[in-house]
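Note that these values count all heavy atoms, side chains included, but never hydrogens, waters or copies made by symmetry.
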Amino acid sequence: MDDPILTIEERTAINAGRWFSTLSPSLRHDILRCAYVKRYKDGELLAARGEPPEEWIACARGAVRVSSTSISGKQVTLTYVEPGVWFGDVAIFDGDRRTHDAYAHGDTTTLCVAKADFKKILASHVELYEALLRLHARRIRQLYGLVEDLNTLPLRARLAKQLLHLLRSYGVSSLSDSREMRIGLQLAQEELAQLLGASRQRVNQELKAMEREEVIRIEPGGLVVRNRDALMHIVESDH
C-alpha cells in the first residue's frame with residue numbers, strides 16, 4: 001500500500017505536529033526530502049517487538065496502536081500514536097531492538113526515514129540532537145504524569161482526562177449540533193480500559209454514568225462528547 005505522496009491533509013498533520021513545527025525550515029526540509037510514505041490497513045503490523053530498528057516513523061493519518069503481550073499471551077494496548085507524532089528514535093539511538101509491537105488502528109499513513117538517513121541528518125544538523133532531547137524530556141514528563149494520575153486520581157477523572165485528550169486529537173464537530181463533538185478514533189471499551197489500567201466493566205459503568213449526566217453519548221460508531229466543560233470539571237474537581 002505504499003504511495004509516494006502525502007495528501008494535503010497528511011502533510012498538514014506532519015507540518016503542524018507540536019514537535020516537528022518547532023524545527024528550523026532547513027531541518028524540516030532535509031527530513032521530508034529523504035522520507036517515504038507507507039500506508040496500512042486496520043490491524044496491519046508496522047513494527048514487531050524484538051526487531052532491529054530500521055526506520056524513524058511519524059504518523060500522518062489514522063493512529064498507531066503500541067502494544068505489549070502479557071505472560072498469558074493477551075495483547076495489551078499501551079498508547080495510540082496520533083497524527084503529527086514521531087516515534088521509533090529511541091531504539092535507533094541505543095542500538096537495541098524494538099520493545100513493543102506497533103499496529104495500524106484504522107486506515108493509517110506513516111512517514112518514514114531510514115536509519116541510515118536519520119544518522120546522516122543528525123550528523124549535518126546538530127539542532128536535531130537538542131530537539132530530540134526536548135522530545136524525550138516531554139515523553140518522560142508525560143510518563144510521570146500518567147503514573148501520578150494512576151496513583152492519585154479515581155477512574156472517573158482518568159476517564160474524563162483520556163476523553164479530553166482523544167477529543168483534542170480526533171475531535172470532529174457534529175453537523176447536527178455545534179456543541180457536540182464526535183471522537184473520530186474508534187476504540188472498543190476494552191481498548192479504552194487498557195489505556196486506563198482498569199477493567200472493561202468498570203469503564204463501562206463510568207461511561208454509562210456520564211451518559212446519564214448528559215456529558216457524553218454512546219453510539220455504535222463511537223463516543224460523542226455533549227458537554228466538554230463538564231468533562232473538564234470532572235478532571236479539575238478530582239485533582
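Between the side chain of Gln162 and the main chain of Leu196, no donor-acceptor pair closer than 3.5 Å is present. The main-chain N or O of Gly50 is found under 3.5 Å from a side-chain atom of Arg97 such that the two form a donor-acceptor pair. In this structure, the side chain of Arg202 does not engage the main chain of Ala193 through any donor-acceptor pair within 3.5 Å.
Using a 4.5 Å cut-off on side-chain heavy atoms (C-beta onward), Pro83 and Arg61 make no contact. Contact of the Ile121 side chain with the Leu27 side chain is registered, since non-hydrogen atoms from C-beta on lie closer than 4.5 Å. No side-chain heavy atom of Thr109 sits under 4.5 Å from any side-chain heavy atom of Thr7. A heavy-atom distance below 4.5 Å is not found between the side chains of Leu155 and Gln205. Counting only heavy atoms from C-beta outward, the side chains of Val90 and Thr99 never approach each other to under 4.5 Å. Looking only at side-chain heavy atoms (C-beta outward), Arg11 and Leu32 come within less than 4.5 Å of each other. Contact check for Met210 versus Leu159: side-chain heavy atoms found under the 4.5 Å cut-off. Leu111 is not listed as a side-chain neighbour of Ile31, based on a closest heavy-atom distance of 4.5 Å or more.
Atom CG in Leu231 sits 7.5 Å away from atom CG in Leu167 (nearest 0.5 Å). From Arg179, atom CZ reaches atom CG of Asn227 across 9.0 Å, with rounding to the nearest 0.5 Å. A distance of 10.5 Å separates CD of Glu9 from CG of Leu6, quoted to the nearest 0.5 Å. Atom CD in Gln194 sits 10.5 Å away from atom OG in Ser68 (nearest 0.5 Å). Going from atom CG of Leu192 over to atom CZ of Arg200 covers 11.5 Å, rounded to the nearest 0.5 Å. Summarising the geometry, atom OG1 belonging to Thr69 is positioned 9.5 Å from atom NE2 belonging to His100; distances are rounded to the nearest 0.5 Å.
Other residues, nucleotides and ligands place more than 12 heavy atoms under 6.0 Å from the CD atom of Gln201. Atom CG of Leu133 is surrounded by more than 12 heavy atoms from other residues, nucleotides or ligands within 6.0 Å.
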### Task
Carefully, step by step, assess Leu195 and Thr77 under the rule side chain to side chain contact (heavy atoms under 4.5 Å, CB included).
CA-CA 6 Å; Leu195 289 177; Thr77 299; 4.1 Å; yes
### Query
Going through the distances and angles, do Trp19 and Leu132 end up as a side chain to side chain contact (heavy atoms under 4.5 Å, CB included)?
CA-CA 9 Å; Trp19 174 79; Leu132 286 168; 3.9 Å; yes
### Message
Could you walk me through whether Arg226 and Val215 satisfy the side chain to side chain contact (heavy atoms under 4.5 Å, CB included) test, starting with their C-alpha distance in whole Å, then the side-chain angles of each, then the deciding distance to 0.1 Å, before giving a yes or no?
### Response
CA-CA 5 Å; Arg226 302 182 63 188; Val215 178; over 6 Å; no
### Stepwise side chain to side chain contact (heavy atoms under 4.5 Å, CB included) test for Leu223 and Ile218
CA-CA 5 Å; Leu223 293 174; Ile218 303 170; 3.8 Å; yes
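Residues Phe118 and Val113 share a closest heavy-atom pair of N-CG1, 3.7 Å. Cys59 and Ile14 make their closest contact through O-CD1, 3.7 Å (heavy atoms, listed as atom of the first residue, atom of the second, distance). In plain terms, the two heavy atoms of Gln186 and His105 that are nearest each other are O-NE2, 2.6 Å. Of all non-hydrogen atoms in Asp149 and Lys161, the two that sit nearest each other are OD2-NZ, 2.8 Å. Val81 and Tyr170 make their closest contact through O-OH, 3.8 Å (heavy atoms, listed as atom of the first residue, atom of the second, distance). Of all heavy-atom pairs between Arg156 and Glu213, the closest is NH2-OE1, 2.8 Å.
Clustering ILVMFWY residues whenever any of their side-chain heavy atoms sit less than 4.5 angstrom apart, transitively, puts Val76 in a cluster other than the one holding Leu46. Under the 4.5 Å side-chain heavy-atom criterion for grouping Ile, Leu, Val, Met, Phe, Trp and Tyr, Leu207 is connected to Leu185 within one hydrophobic cluster. Val224 and Met181 fall into different hydrophobic clusters, where Ile, Leu, Val, Met, Phe, Trp and Tyr are joined by side-chain heavy atoms under 4.5 Å apart, directly or via other members. The cluster map of Ile, Leu, Val, Met, Phe, Trp and Tyr, joined by side-chain heavy atoms under 4.5 Å apart, puts Leu23 and Leu122 in the same cluster. Under the 4.5 Å side-chain heavy-atom criterion for grouping Ile, Leu, Val, Met, Phe, Trp and Tyr, Tyr129 is connected to Ile92 within one hydrophobic cluster.
Every residue two or more places apart in sequence or in another chain was checked for a side chain to side chain contact (heavy atoms under 4.5 Å, CB included) with Asp42, and none qualifies. Scored by the side chain to side chain contact (heavy atoms under 4.5 Å, CB included) test, Ala16 finds no partners at all (sequence neighbours excluded). Legend: residues meeting side-chain hydrogen bond (donor to acceptor under 3.5 Å, both in side chains) with Arg182, ordered by chain and number and at least two apart, are Glu219.
Residue pairs meeting the side chain to side chain donor-acceptor pair (under 3.5 Å) criterion with at least one partner in residues 78-96, sequence neighbours excluded, are Trp56-Asp89, Glu82-His165, Glu82-Ser169, Asp89-His136, Asp89-Arg139. Legend: side chain to side chain donor-acceptor pair (under 3.5 Å) pairs involving residues 111-125, not counting sequence neighbours, sorted by first then second residue: Asp30-His125.
For the pair Glu10 and Arg39, the salt-bridge criterion is met [side-chain N within less than 4.0 Å of a carboxylate O].
Clustering of Ile, Leu, Val, Met, Phe, Trp and Tyr side chains at separations under 4.5 Å places Tyr103 together with Leu45.
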